[in-house]
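To start, the structure under review is shown below, and the notes come after it.
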Protein chains: 2
Amino acid sequence: MPDIKHFDPDETLDTVVRLFWRRGVATTGVQDIVTATGLNRSSLYATFGGKQELYLAALHRYRERRSRPMFRRLAEGDRGLPAVAEFFDSLITVRCSGEYARWGCMVANAHAGAENGDPDVRAVLDRHHQELRDALHTALTAAETRGQLAAGTDPEAAADLLALLAYGVNLRSRAGADAQALRRTVTAALDSIGRSPLA
Amino acid sequence: MPDIKHFDPDETLDTVVRLFWRRGVATTGVQDIVTATGLNRSSLYATFGGKQELYLAALHRYRERRSRPMFRRLAEGDRGLPAVAEFFDSLITVRCSGEYARWGCMVANAHAGAENGDPDVRAVLDRHHQELRDALHTALTAAETRGQLAAGTDPEAAADLLALLAYGVNLRSRAGADAQALRRTVTAALDSIGRSPLA
DNA sequence: GCCATCTTGGAATCGTGATTCCAAGATACT
DNA sequence: AGTATCTTGGAATCACGATTCCAAGATGGC
């Protein structure tokens with residue numbers, strides 16, 4: 001009996017993600033969202049609630065569409081170090097070129113804003129960090145099993161280190177860091193973790 | 001002949017730094033600054049110009065009072081790795097406890113906000129990164145000279161890595177990362193850079 | 001074709017954003 | 001003391017913030 005939505009909420013959320021991701025939540029107005037999505041204020045509020053709820057939904061969407069797939073690839077296949085190297089390589093490519101160049105990571109960005117005061121946001125941040133660590137840890141454990149790790153390397157500690165390194169890459173890429181330089185740095189880090197080249 | 005200022009601009013700037021540092025520029029209003037400093041809008045604008053100029057002044061002040069002293073200590077004395085370890089130790093202490101706990105680094109925070117669109121801000125960000133790298137590089141070169149580095153460690157690459165790691169520490173500390181965990185991670189990183197314990 | 005129910009357009013609300021303006025007050029030199 | 005020159009208080013400005021409201025429109029089942 002009721003009317004049906006005249007737009008696609010899913011598509012809308014993707015547009016909203018792009019806005020919050022690029023410009024941050026504090027500097028993105030509801031008017032900007034209305035303009036970018038083309039839909040009406042009423043529809044926005046009726047579908048998603050207020051701005052904060054919309055931001056949270058966008059954050060979830062970002063993680064689901066952008067972060068999770070990368071984490072999954074990183075952890076799957078027991079490839080070990082090559083998977084880690086590929087992860088960072090894709091990361092740097094996305095951060096420094098193409099449509100999303102210089103946007104950084106939406107979750108990393110959220111750390112710096114006042115939005116991290118919201119307990120819900122904070123929870124997402126922590127969960128994200130945990131998942132990143134876990135994925136890296138899985139890959140590094142596989143690397144250890146395959147004998148790819150240097151003698152003194154602990155997979156746990158190395159995962160923590162690489163997770164923090166990823167935040168650094170994300171942040172600096174937003175300021176326009178050079179992709180080549182980032183790649184060199186990551187390579188050096190992975191080299192120090194991995195078995196020295198001996199054959 | 002003229003009147004003289006009825007307040008101390010220097011002291012005021014310190015208060016402003018605290019505001020922008022903790023809450024970010026987008027979410028800090030001029031009204032908040034007026035309230036926190038106790039001085040009048042007219043005096044604010046007459047002394048510092050608008051909000052953006054005030055933010056830039058605060059950013060400079062932060063670097064001068066907070067970052068530079070740490071960089072200087074890191075680079076001076078040719079102590080090598082111990083200086084690096086001490087640097088990270090102080091960093092984590094400041095970021096996770098005391099008055100500034102969970103505030104992160106004002107410069108790192110600036111990477112994530114929309115304020116990085118301003119060319120002047122961007123320039124400060126790049127200069128900051130350069131100085132951090134340089135300080136680390138100086139310390140690591142001293143470490144190399146003193147034979148503290150592992151065989152495959154390049155001071156340049158290690159400096160880049162540790163610089164990015166510092167951003168990671170700063171970001172995560174804002175989300176309430178555990179100091180002990182951060183310390184363990186940093187220690188592991190320094191261990192992998194340094195000469196293995198052999199006597 | 002009708003009705004209950006939802007969606008949509010767009011104005012209205014009401015707070016707060018940064019910035020400006022001017023009269024009143026304070027200062028230091030003459 | 002007088003005066004030129006700056007500072008200060010506080011109201012005024014004007015754009016834009018998020019959110020709400022209601023009349024008009026669209027839908028699907030009867």
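Sequence lines set the chain letters: A, B, ... in the order given, protein chains first and strands last, and positions in each chain run from 1.
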CD1 of A/Ile33 versus C1' of D/dG17: gap in Å, rounded?
12 Å
Could you check how far CG of A/Asp3 sits from C1' of D/dA24, rounded to whole Å?
12 Å
Quick check on B/Arg73: does its CZ atom have over 12 non-hydrogen neighbours (other residues, nucleotides or ligands) under 6.0 Å away?
no
May I ask you to verify if any side-chain N or O of B/Ser42 is less than 4.0 angstrom from the OP1 or OP2 atom of D/dG9?
no
Detail all sub-3.5 Å separations between protein N/O atoms and N/O atoms belonging to nucleotides 12-17 of chain C.
none

Is there a donor-acceptor contact under 3.5 Å linking the side chains of A/Glu86 and A/Ser90?
no
Is A/Pro82 close to A/Gln148 at the side-chain level, that is, under 4.5 Å between some pair of heavy atoms?
yes
Carboxylate-amine/guanidinium proximity below 4.0 Å for A/Asp126 and B/Arg172
yes
Near DNA chain D, which residues from residues 4-16 of chain A have a heavy atom under 4.0 Å away?
A/His6
Once you round it to whole Å, what is the distance between P of D/dT7 and OH of B/Tyr45?
17 Å
Protein-nucleotide distance (A/Phe48, atom CZ; D/dT19, atom P), rounded to Å
14 Å
Once you measure the plane-to-plane angle for B/Phe71 and B/His128, does it fall in the parallel (<30°), tilted (30-60°) or perpendicular (>60°) bin?
tilted
Quick one: A/Tyr55 OH to D/dA18 C1', roughly how many Å, whole number?
17 Å
With a 4.5 Å cut-off on side-chain heavy atoms, are B/Phe48 and B/Val16 touching?
no
Atom-to-atom span, CG of A/Asn40 to P of D/dA24 - whole angstrom:
16 Å
